[in-house]
Undergrad: 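Please read through the structure below; I'll follow up with questions.
As a basis for the values below, the full set of heavy atoms in this structure was taken, side chains included, without hydrogen atoms, waters or symmetry mates. One-based numbering, in listed order, for ligands and for the atoms of each. Sequence positions, counted from 1, serve as the residue numbers for this chain.
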Amino acid sequence: MLVVQKYGGTSVADADRIKHVAGRVLRRVHAGDQVVVVVSAMGNATDELIDLALSITENPDPRELDMLISTGEQVSIALLAMALRAMGQEAVGLTGQQAGIYTRAQYGSGRIARVDADRVKAELAAGRVPIVAGFQGATEDAEIVTLGRGGSDLSAVALAIALGADRCENCKDVTGVYTADPRLVPEARQLKDLTYEEMLELATQGSQVMHNRAVELASVYNLPILVTSSMVDAPGTLIHGESQLEERNRVRGIAHDTDVAKITVRQVPDKPGIATNIFEPLAEAGISVDTIVQNASAGKLTDLTFTLSRKDLRKAEELMPAICETVGANGFVSDGNLGKVSIVGVGIQTAHGYAARMFRALFDAGINIELISTSEIRLTCIIDAGRVPEAVRALHAAFELETAE
Ligand code: ADP
Ligand code: ASP
Ligand code: MG
């Protein structure tokens, strides 16, 4: 089988772990599989590089920042290739560009435009294990661009698709995808499988375990992803297109995120064009908005609330006075200390009682719900950031996730 294996930062955090990963790759090669490896930067290397840039200037040039942070992965590919060679296996470290990963430039958040996998195929054919730097690509004119935080997952999926691989294996410090973050909920159980939709919602709502754009891309090409351990032999969690068993617990997992801020625009005149005038300037400033709630109007005035990432709050607050002026609102208030908890599962919207059970569980835990948002397969409550761990545990118990399959 042809497989792309991705190893995250924790899995290659030091020399011993890199040697351990090399051993695992080697075993797969000896078992007769063709293996292409994608690696992340070692441990917290990317964070450290960003801090280093910020110690030079508060506002690093985006191009130079990408030049800097893309080096983290280059360290890992070289070391892993050396480790394999030291074990007698030919291997070759390749940057994103050398591996043919072409991106469209938006420094810091590049999009993969195409993958030309000829070089990687040639290395495989020559019996060398290609070790590709995740998180990076290059534009047609050879500018290095990174794909956004956690983007190595995306590199691996894109390469797997271009190579026509049988599957992508995402090898991590956990053995698979759990019903909730095992760091918060010790009773969390590993799931055997998940649909793309379910994994996409979990990832988008804060589960770090997979990058949401990687899941989205895999779903378009129907590429199976196995989330599995980089440390021990474990069956892992398969993310694929089929959903099975109507009678299983519809809530598959709980996602959480403690990085939520909220802005409420007060007493906006209820007339056409308001939303455009509020959200266009924010979008132009590169601020992405998540949940938007507009109250029913009373006396032709309405409150409009939206959420955003905490890192964008200051920039948004600077833009708000002018926005309020344009739309004739009576000012705004903000809260930078929120989080969200979500229950995810195919069918929860059509089945009875899931929302009521979620609200009851939070109420019983004495947790106030600030905002609610839903999708076809998800219910999300925005709450105080400090209460998130408790809320996740309360929901895990309320939906009996420690026992269900
Ligand atoms: P990598 O470096 O391999 O990309 P990450 O640190 O990004 O790994 O993601 C792995 C972490 O995701 C785990 O250590 C775990 O604490 C966390 N996590 C959050 N939600 C889940 C979940 N539902 N299942 C498994 N792990 C989860
Ligand atoms: N090293 C990058 C990051 O920390 C990419 C990744 O780990 O996937 O965001
Ligand atoms: Mg990650």
Undergrad: How close does the nearest protein non-hydrogen atom get to atom 6 (O) of ligand 1, and which residue and atom is it?
TA: T10 OG1, 4.4 Å
Undergrad: Students should be able to answer this: which protein heavy-atom is nearest to atom 15 (C) of ligand 1, and at what distance?
TA: D181 OD1, 3.5 Å
Undergrad: Hey, are R183 and D181 close enough for a salt bridge, meaning a charged N less than 4.0 Å from a carboxylate O?
TA: yes
Undergrad: For ligand 2, list the protein residues that place a heavy atom within a distance below 4.0 Å of one of its atoms, sorted by chain and number.
TA: S40, A41, T46, E73, F135, R149, G150, G151, S152
Undergrad: Tell me which protein heavy atom sits closest to atom 24 (N) of ligand 1, plus the residue, atom name and distance to 0.1 Å.
TA: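 Looking at atom 24 (N) of ligand 1, the protein heavy atom closest to it is Y178 N, 2.9 Å.
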Undergrad: Consider every N or O of S11 and every N or O of ligand 1, then say whether any pair is closer than 3.5 Å.
TA: no
Undergrad: Nearest heavy atom to atom 25 (C) of ligand 1 wins, so pick from G134, A13, A180, G176.
TA: G176
Undergrad: For atom 8 (O) of ligand 1, find the nearest protein heavy atom and state the residue, atom name and distance (0.1 Å precision).
TA: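 Residue, atom and distance for the closest contact: K172 NZ, 3.2 Å.
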Undergrad: Determine whether the side chain, the backbone, both or neither of T179 has a heavy atom under 4.0 Å from any heavy atom of ligand 1.
TA: neither
Undergrad: Can you tell which of D33, V36, L84 makes a side-chain contact (heavy atoms from CB on, under 4.5 Å) with V25?
TA: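 Going through D33, V36, L84 one by one, the side-chain contact (heavy atoms from CB on, under 4.5 Å) with V25 is satisfied by L84 alone.
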Undergrad: What pairs with D384 under salt bridge (Lys or Arg N to Asp or Glu O under 4.0 Å), at least two apart in sequence or on another chain?
TA: none
Undergrad: For the pair T57 and N59, evaluate side-chain hydrogen bond (donor to acceptor under 3.5 Å, both in side chains) and give the outcome as yes or no after the intermediate values.
TA: CA-CA 5 Å; T57 163; N59 223 343; over 6 Å; no
Undergrad: Do D153 and ligand 1 have an N or O pair less than 3.5 Å apart?
TA: no
Undergrad: Among all protein heavy atoms, pick out the one at the shortest distance from atom 7 (O) of ligand 1; state its residue, atom name and that distance to 0.1 Å.
TA: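 Protein heavy atom with the smallest distance to atom 7 (O) of ligand 1: Q208 O, 3.7 Å.
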Undergrad: Assess whether salt bridge (charged side-chain N to carboxylate O under 4.0 Å, His left out) is satisfied between E402 and R393, documenting all intermediate values.
TA: CA-CA 10 Å; E402 66 285 357; R393 286 191 280 270; over 6 Å; no
Undergrad: Go through the steps for R149 and D47 under the test salt bridge (charged side-chain N to carboxylate O under 4.0 Å, His left out), then give the verdict.
TA: CA-CA 10 Å; R149 296 306 306 269; D47 289 326; 3.1 Å; yes
Undergrad: Considering only heavy atoms, does R183 approach ligand 1 within less than 4.0 Å through its side chain, its backbone, both, or neither?
TA: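 It is the side chain that gets close, since no backbone atom is under 4.0 Å.
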Undergrad: Against ligand 1, does G253 come closer than 4.0 Å with any heavy atom?
TA: no
Undergrad: Record the part of K6 in heavy-atom contact with ligand 1 below 4.0 Å; permitted values are side chain, backbone, both and neither.
TA: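 It is the side chain that gets close, since no backbone atom is under 4.0 Å.
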Undergrad: Just say parallel, tilted or perpendicular for the rings of Y354 and F399, cut-offs at 30° and 60°.
TA: parallel
Undergrad: Is the side chain of E198 donor-acceptor paired with the backbone N or O of T195 at a distance under 3.5 Å, no angle test?
TA: yes
Undergrad: Considering both backbone and side-chain atoms of G9, is one of its nitrogen or oxygen atoms within less than 3.5 Å of a nitrogen or oxygen in ligand 1?
TA: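 G9 vs ligand 1: N/O contact under 3.5 Å present.
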